Amino acid sequence: MIKRISVKDLKLGMFVQELHSSWINHPFWKSKFLLEDPDDLKKLQTSGVNEISIDLDRSVVAPEPKPETVQPVVVSSAKAPPQKSKHVSLHEELSRARDLCNRSREAVISMFREARMGKTISATSVNTVVDQIVMSVERHPQALISLARLKTSDDYSYMHSVAVSAMMVALATEMGHDKQQIQEAGAAGLLHDLGKVAVPDAILNKPGALSEEEFVVIKTHPVKGAEILSGVEGVRPNVVDACLHHHEKMNGTGYPHGTQGEEISLLARMTAICDVYDAITSNRPYKNGWCPAESLQRMMQWKGHFDPAIFQVFVKTVGIYPNGSLVRLGSQRLAVVVDQSSRNILNPKVKIFFSLRSSLPLTPLVVDLSSPSVEDKIEAREPRENWNFPYLDELWQSED
C-alpha cells in the first residue's frame, strides 16, 4: 500500500517509494529505497522535498533510539584511517591537477605499451594513479575533470582514460559509494579502453566515418580489454566487467552482448555515461568536440541509452553548465562558467567578459549567480563556434 506523507513524518524503517520533487533538488541518485541511515533521513528533511510516498508493505518498524551512554575510551595501536584531502579552491587545485594530468598520461601510455607487447600490466601502478586522482577530486571535484577534457586529438587515447577515471571517481563520490567502490570506479575509468591496444591505429585515428568492417573491429575492444584484465592479479572482477560492458545500452542495443537494464552492472552503467561524455566533448581527428552544456543536452535526449537515475547524478557531478561553458546572461552579457555552486547547479559561478549591447569586451568579473544578492541569471548557453573567442579556456582557468 502506497501512502503519501509529509517529509516531517518520515521515520527510519520506512520504504521510500517516490520523492515528490525535481531530481535537481533532492540529494539521492535513486528514488526507491529503505530508509535505514539517520544521515539519509537528515538529508531528506533538509533537502527542500516536502512530500514523499512510502510503501507500507515494504516498510519495517523502526526501533526506538536507545538513550546515549558514555562509552569507555579504547586505546588502540591500530593505524588511524587516512584523512580525506582538504577541500581547496578550484584555482589552487588546477596547478596540481595539471601536473597530475601529465603524470597520469605517462602512466597510461606505459600501461598501454605493456599490454600491446603482451606483458602483464601492474595493478599497483593502476592503484597508484587512481589514488592520486581520488585525492585531487577530494580537494576539488571540478579541477581535474575540467583540465582532462582539454586534451589534443593526438593525446585523446591516453587522456581519455584519465578524464573518464576522474569523472568516475567524482560520480561514485556523489552517489555515496564507499572508499573501495570509489577506487574501483576510478580503476574502471582508467582501464575501460585497454582493449583498444588490439585495434590498428589506422582505424582508431581514421579522420572520417568508419566502414562497416572497421566498426566490427572497433566493437571487439571491450572483449579484448576484459581478456587482458582477467589475467592481471589485483584487478577486481567489477572493474573487468565494466571494461567488458561499458558499451551496453539500457534498451539492449549496445555491444558486445546486448545486455539491457539492470542486468548491466552498476559500474558498467556509470562507465558508459562518463565514457560517452568525454568522447563527445573532446576534439578528435575527425571532428571537434561539442561544448559541455550541449553534450549533456544531447545525451539527455538519447532515450534508452543511459541509466536515467545515474545520468541525473552525473549532471549534478559536472554541473548543468560545466566549467568552460559559454553562456548568455539576462543582462545581455557573455560569461564563461568558472566553477559550480554548492547552492544551486542551475546558477554556477561565471566570469563575465563581453557586452552584447556594445559588442565590446568588459573587464572580467567573477559573479556567483546563486548568491541571493545577484539578480542576473543564465538566459541560454552560447555555442562556442558562433564566436571568435580564442581565449575562453585561459579565461576560466585564470584567477584574475
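Keep in mind that what you see is a predicted model, and the values were worked out from it rather than measured. One is the number of the first residue; the rest follow in order along the sequence.
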Inset, instruction - Answer with yes or no whether the side chains of Gln340 and Asn323 bring together a donor and an acceptor at under 3.5 Å. - result: yes

Inset, instruction - Check whether any side-chain N or O of His160 sits under 3.5 Å from a backbone N or O of Ser157 as a donor-acceptor pair, and report yes or no. - result: no

Legend entry - Flag side-chain contact, heavy atom, 4.5 Å: Ser136 against Ile133: no

Legend entry - Partner residues of Asp241 under the salt bridge (Lys or Arg N to Asp or Glu O under 4.0 Å) criterion, sequence neighbours left out: none

Legend entry - CZ-CE distance between Arg139 and Met135, expressed to the nearest 0.5 angstrom: 6.5 Å

Inset, instruction - Start with the C-alpha gap between Met300 and Gln297, add the side-chain angles, then the distance that decides, and say whether side-chain contact (heavy atoms from CB on, under 4.5 Å) holds. - result: CA-CA 5 Å; Met300 203 174 295; Gln297 185 182 47; 5.8 Å; no

Inset, instruction - State, yes or no, whether a side-chain contact exists between Glu294 and Arg381 at a heavy-atom distance under 4.5 Å. - result: yes

Inset, instruction - May I ask you to decide if the ring planes of Phe353 and Phe389 are parallel, tilted or perpendicular, using 30° and 60° as cut-offs? - result: perpendicular

Inset, instruction - State the CD-CG distance between Gln132 and Asn127, to the nearest 0.5 angstrom. - result: 12.0 Å

Inset, instruction - Calculate, to the nearest 0.5 Å, the distance between atoms CG and CD1 belonging to Leu346 and Ile320 respectively. - result: 5.5 Å

Inset, instruction - Decide yes or no for Leu191 and Met111: does some side-chain heavy atom of the first lie under 4.5 Å from some side-chain heavy atom of the second? - result: yes

Legend entry - Nearest atoms (heavy-atom pairs only) where Asp9 meets Met14: O-CE, 3.7 Å

Inset, instruction - Give a yes or no on whether the backbone of Arg269 and the side-chain of Asp307 come within a donor-acceptor separation of less than 3.5 Å. - result: no

Inset, instruction - For Ser371 and Asp368, indicate whether the former's side chain and the latter's backbone hold a donor-acceptor pair under 3.5 Å. - result: no

Legend entry - Check: Lys349 and Val337 side chains under 4.5 Å, non-hydrogen atoms: no

Inset, instruction - Look at Arg103 together with Glu106 and state whether they make a salt bridge at an N to O cut-off of under 4.0 Å. - result: no

Legend entry - same_hphob_cluster(Tyr321, Val313) at 4.5 Å side-chain heavy-atom cutoff: yes

Legend entry - Greater than 12 external heavy atoms within 6.0 Å of Lys377's NZ: yes

Inset, instruction - Determine whether Val223 and Val199 fall in the same hydrophobic cluster, where Ile, Leu, Val, Met, Phe, Trp and Tyr are linked whenever their side-chain heavy atoms lie under 4.5 Å apart. - result: no

Inset, instruction - Report yes or no: do Met270 and Ile264 belong to one cluster of Ile/Leu/Val/Met/Phe/Trp/Tyr joined by side chain heavy-atom distances under 4.5 Å? - result: no

Inset, instruction - Check whether Val374 and Leu362 end up in the same hydrophobic cluster, where Ile, Leu, Val, Met, Phe, Trp and Tyr are linked by side-chain heavy atoms less than 4.5 Å apart. - result: yes

Legend entry - Distance-minimising heavy-atom pair for Ser211 and Lys206: N-NZ, 4.0 Å

Legend entry - Side-chain heavy atoms of Leu171 within contact of Phe314, under 4.5 Å: yes

Inset, instruction - Indicate whether the side chain of Arg333 and that of Ser331 have a donor and an acceptor atom separated by less than 3.5 Å. - result: yes

Legend entry - CA sep, side-chain torsions, deciding dist, call: Gln397, Arg98, side-chain hydrogen bond (donor to acceptor under 3.5 Å, both in side chains): CA-CA 11 Å; Gln397 292 178 57; Arg98 288 189 188 95; 3.0 Å; yes

Inset, instruction - For side-chain contact (heavy atoms from CB on, under 4.5 Å), just list the numbers for Asn347 and Ile378, CA-CA rounded to whole Å, side-chain angles, deciding distance to a tenth of an Å, and then say yes or no. - result: CA-CA 7 Å; Asn347 296 308; Ile378 293 176; 5.6 Å; no

Inset, instruction - Describe, in one word, how the ring planes of Phe311 and Phe306 are oriented to each other, choosing from parallel (under 30°), tilted (30 to 60°) and perpendicular (over 60°). - result: parallel

Inset, instruction - For the pair Asp99 and Arg96, find out whether any cationic side-chain nitrogen is under 4.0 Å from an anionic carboxylate oxygen. - result: no

Inset, instruction - List the atom of Phe354, the atom of Ser359, and the distance in Å for their closest heavy-atom pair. - result: CZ-C, 3.5 Å

Inset, instruction - Determine, for Arg384 against Asp393, whether the closest basic-nitrogen to carboxylate-oxygen distance falls under 4.0 angstrom. - result: yes

Legend entry - Backbone of Asp278 reached by a side-chain donor or acceptor of Thr281 within 3.5 Å: yes

Inset, instruction - Consider only side-chain N and O atoms of Thr120 and Glu114, and report whether a donor and an acceptor are under 3.5 Å apart. - result: no

Inset, instruction - Using modelled atom types only, decide if a donor and an acceptor are shared between the side chain of Ser325 and the backbone of Pro322 within a distance under 3.5 Å. - result: yes

Legend entry - Pairwise side-chain contact, Leu395 with Val338, heavy-atom cut-off 4.5 Å (strictly under): no

Legend entry - Side-chain donor/acceptor of Lys119 to backbone N/O of Arg113, under 3.5 Å: no

Inset, instruction - Answer whether the closest heavy-atom distance between the side chains of Val336 and Val327 falls below 4.5 Å. - result: no

Inset, instruction - Determine whether Val239 and His192 make a side-chain contact, defined as any pair of heavy atoms from C-beta on separated by less than 4.5 Å. - result: no

Inset, instruction - Identify the two heavy atoms, one from Ala185 and one from Met168, that lie closest to each other, and give their separation to 0.1 Å. - result: O-CB, 3.2 Å

Legend entry - Rounded distance [0.5 Å steps], CD in Gln332 versus OG in Ser358: 11.5 Å

Legend entry - Donor-acceptor contact below 3.5 Å, side chain Lys179 vs main chain Ile182: no

Legend entry - Side-chain donor/acceptor of Ser165 to backbone N/O of Gly186, under 3.5 Å: yes

Inset, instruction - Indicate whether any N or O donor in one side chain lies under 3.5 Å from an N or O acceptor in the other, for Gln142 and Glu93. - result: no

Inset, instruction - Would you please say whether a donor-acceptor pair under 3.5 Å links the side chains of Ser230 and Glu227? - result: no

Legend entry - Residue Glu375 excluded, over 12 heavy atoms near CD under 6.0 Å: no

Legend entry - Distance in Å, Asn251 CG paired with His305 NE2, rounded so as to fall on 0.5 Å steps: 8.5 Å

Legend entry - For Ala166 against Leu144, the heavy-atom pair lying closest together: CB-CD2, 3.8 Å

Inset, instruction - Answer with yes or no whether the hydrophobic clustering places Ile218 together with Ile228; edges join I, L, V, M, F, W, Y residues whose side-chain heavy atoms lie under 4.5 Å apart. - result: no

Inset, instruction - Take Ile352 and Leu334, measure what side-chain contact (heavy atoms from CB on, under 4.5 Å) needs, and give me the verdict at the end. - result: CA-CA 6 Å; Ile352 300 169; Leu334 295 183; over 6 Å; no

Inset, instruction - Determine whether the side chains of Asp193 and His221 contain a donor N or O and an acceptor N or O closer than 3.5 Å. - result: yes

Inset, instruction - Without swapping roles, check the side chain of His245 against the backbone of Ala242 for a donor-acceptor pair under 3.5 Å. - result: no

Inset, instruction - Measure across Trp396 and Gly324 and return the closest heavy-atom pair with its distance rounded to 0.1 Å. - result: CD1-CA, 3.5 Å

Inset, instruction - Show the numbers, then the answer: is there a side-chain contact (heavy atoms from CB on, under 4.5 Å) between Ile121 and Leu194? - result: CA-CA 10 Å; Ile121 67 171; Leu194 188 64; 4.0 Å; yes

Inset, instruction - Flag yes if more than 12 heavy atoms outside Glu262 fall under 6.0 Å of its CD atom; otherwise flag no. - result: no

Legend entry - Spacing of Leu296 atom CG and Trp290 atom CH2 [to the nearest 0.5 Å]: 11.5 Å

Legend entry - Carboxylate-amine/guanidinium contact Glu174 Lys316, below 4.0 Å: no

Inset, instruction - Give a yes-or-no answer on whether the side chains of Gln183 and Arg236 include a donor-acceptor pair shorter than 3.5 Å. - result: no

Inset, instruction - Could you tell me whether the side chain of Glu382 and the main chain of Ala335 form a donor-acceptor pair under 3.5 Å? - result: no

